[in-house]
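For reference, the structure is listed below as structure tokens.
For ligands, and for the atoms within them, numbers begin at 1 and follow the listed sequence. Everything numeric here is computed off the predicted structure, so don't read it as measured data. Only heavy atoms go into these numbers, but all of them, side chains included; no hydrogens, no water, no symmetry mates.
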Amino acid sequence: MKISLIAAVGKNNEIGKGNDLVFKLPADMKHFKDITTGHIVIMGRKTYESIGKPLPNRKNIIVTRDKKYKSYGVDVVYSLEEAIKLAKINPNPSLALPLSGAGENTEIFIIGGGEIYKEVMKFVDKIYLTEINATDKKADTFFPEIIPVVFGETKREHHKKDEKNLYDYDFVEYERF
Ligand SMILES: NC(=O)c1ccc[n+]([C@@H]2O[C@H](COP(=O)([O-])OP(=O)(O)OC[C@H]3O[C@@H](n4cnc5c(N)ncnc54)[C@H](OP(=O)(O)O)[C@@H]3O)[C@@H](O)[C@H]2O)c1
């Protein structure tokens with residue numbers, strides 16, 4: 001199973017501010033939903049609490065070091081290794097709605113936040129990055145460097161800002177060489 005990462009970054013690699021997103025583009029929210037629906041999402045406890053509920057139609061795995069942490073509708077694990085192992089062992093998510101195509105083609109998505117992204121860069125196969133043409137000096141969480149000898153850009157789709165999306169943005173894909 002492929003292990004991918006998905007994130008949206010500003011020009012200075014900003015991803016978070018006050019445990020929330022920095023930039024909220026409806027087009028990026030849709031892109032995230034389209035790409036991850038039917039698959040497995042792994043996230044840090046802070047990102048999960050920022051979202052506030054399990055993401056529907058996806059198996060949600062939450063990573064925490066708190067052995068007492070519990071939340072309804074998600075799987076809680078205590079390391080990233082455990083998260084990947086759980087995702088691989090049980091590709092058929094225990095969801096109210098059946099997933100189409102769960103199995104061999106199921107992708108594991110690491111969806112943040114900053115602490116988790118830093119830890120997974122050494123083993124992810126693919127990065128789906130929304131590059132937003134904006135900056136925010138108040139950001140407090142950042143995306144790690146994508147090392148050019150490790151990952152190559154394989155796709156880029158440019159979009160102009162519009163009445164709903166306040167900044168230009170690119171949907172970019174990077175793959176491990
Ligand atoms: N722009 C984007 O694409 C995007 C995506 C996601 C999130 N975000 C933003 O990123 C920010 C949150 O990121 P963050 O770095 O503060 O937190 P985070 O990565 O979401 O979560 C960190 C927490 O995950 C747990 N954790 C991390 N590594 C672990 C490990 N190896 N083993 C077990 N548990 C581990 C710990 O939980 P415990 O403290 O419970 O032990 C840790 O405090 C928010 O602002 C959010 O909105 C942005």
Item to complete: For side-chain contact (heavy atoms from CB on, under 4.5 Å), just list the numbers for F23 and D28, CA-CA rounded to whole Å, side-chain angles, deciding distance to a tenth of an Å, and then say yes or no.
Response: CA-CA 10 Å; F23 313 106; D28 182 52; over 6 Å; no
- For I110 and V124, what are the C-alpha separation, side-chain angles and deciding distance, and is it a side-chain contact (heavy atoms from CB on, under 4.5 Å)? CA-CA 9 Å; I110 313 287; V124 291; 4.2 Å; yes
>> Set out, in order, the CA-CA distance, both residues' side-chain angles and the distance that settles side-chain contact (heavy atoms from CB on, under 4.5 Å) for I35 and F109, then state yes or no.
In response: CA-CA 9 Å; I35 288 185; F109 285 97; 3.5 Å; yes
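Counting atoms of ligand 1 from 1 in the listed order, those under 4.0 Å from a heavy atom of Y78 are 32 (N), 33 (C). Taking every non-hydrogen atom of G114 and a distance limit under 4.0 Å, the qualifying atoms of ligand 1 come out as 13 (O), 14 (P), 15 (O), 19 (O). Heavy-atom contacts of G112 reach the following atoms of ligand 1: 6 (C), 20 (O) (cutoff under 4.0 Å). Here is the list of ligand 1 atoms found below 4.0 Å of a heavy atom in I111: 5 (C), 6 (C).
Under 4.0 angstrom from ligand 1, the non-hydrogen atoms of K17 all belong to its backbone. When heavy-atom distances to ligand 1 are checked against a 4.0 Å cut-off, F143 has no atom that comes that close, whether in backbone or side chain. No part of V22 comes within 4.0 Å of ligand 1, judged by heavy-atom distances.
When hydrogens are left out, the protein atom nearest atom 7 (C) of ligand 1 is T47 OG1, 3.2 Å; that is the closest non-hydrogen contact. The closest protein non-hydrogen atom to atom 38 (P) of ligand 1 is T64 OG1, 3.4 Å. Of all protein heavy atoms, the one closest to atom 35 (C) of ligand 1 is V63 CG1, 3.6 Å. Counting protein heavy atoms only, atom 9 (C) of ligand 1 is closest to I15 O, 3.8 Å. For atom 27 (C) of ligand 1, the closest non-hydrogen atom of the protein is E115 OE2, 3.2 Å. Protein heavy atom at the shortest distance from atom 44 (C) of ligand 1 is N19 OD1, 3.4 Å. For atom 28 (N) of ligand 1, the closest non-hydrogen atom of the protein is E119 OE2, 2.7 Å. Shortest contact from atom 30 (C) of ligand 1 to any protein heavy atom: R65 NH2, 3.5 Å.
Relative to atom 39 (O) of ligand 1, the option among E14, R45, E82 with the closest non-hydrogen atom is R45. The residue among D28, L21, L5 with a heavy atom at the shortest distance from atom 4 (C) of ligand 1 is L21. Distances from atom 18 (P) of ligand 1 to the heavy atoms of A7, G10, A8, G113 put G113 nearest. Between the choices K46, K118, M43, E81, the shortest heavy-atom distance to atom 16 (O) of ligand 1 belongs to K46.
Without hydrogens or angle criteria, E173 side chain to T154 main chain gives no donor-acceptor distance under 3.5 Å.
Annotation: cation-pi pair K126/Y174 absent, no NZ/CZ under 6.0 Å from the ring centroid and within 45° of its normal.
A heavy-atom distance below 4.5 Å is found between the side chains of I40 and T106. For the pair R58/N60, a side-chain contact is recorded, criterion being any heavy-atom separation below 4.5 Å from C-beta on.
Where the criterion is an N or O separation shorter than 3.5 Å, residue side chain and backbone included, D140 fails it with respect to ligand 1. At under 3.5 Å, a nitrogen or oxygen of D20, whether backbone or side chain, sits near a nitrogen or oxygen of ligand 1. Distances between N or O atoms of S79 and those of ligand 1 include no value under 3.5 Å.
The ring of Y169 has its center no closer than 6.0 angstrom to the ring center of Y167.
Here M121 contributes atom CE and F151 contributes atom CZ; the two are 5.0 Å apart, rounded to the nearest 0.5 Å.
The residues D66 and R45 are annotated as not salt-bridged, no charged nitrogen and carboxylate oxygen being separated by less than 4.0 angstrom. Looking at R156 and D170, a side-chain N of the basic residue comes within less than 4.0 Å of a carboxylate O on the acidic one, giving a salt bridge.
Judged purely by distance below 3.5 Å, without hydrogens or angles, the side chains of E107 and Y128 pair a donor atom with an acceptor atom. A donor and an acceptor atom, one from each side chain of N19 and S50, are nowhere located under 3.5 Å apart.
The number of heavy-atom neighbours closer than 6.0 Å to NZ of K161, taken from other residues, nucleotides and ligands shown, is 12 or below.
Residue F32 places no heavy atom under 4.0 Å from ligand 1.
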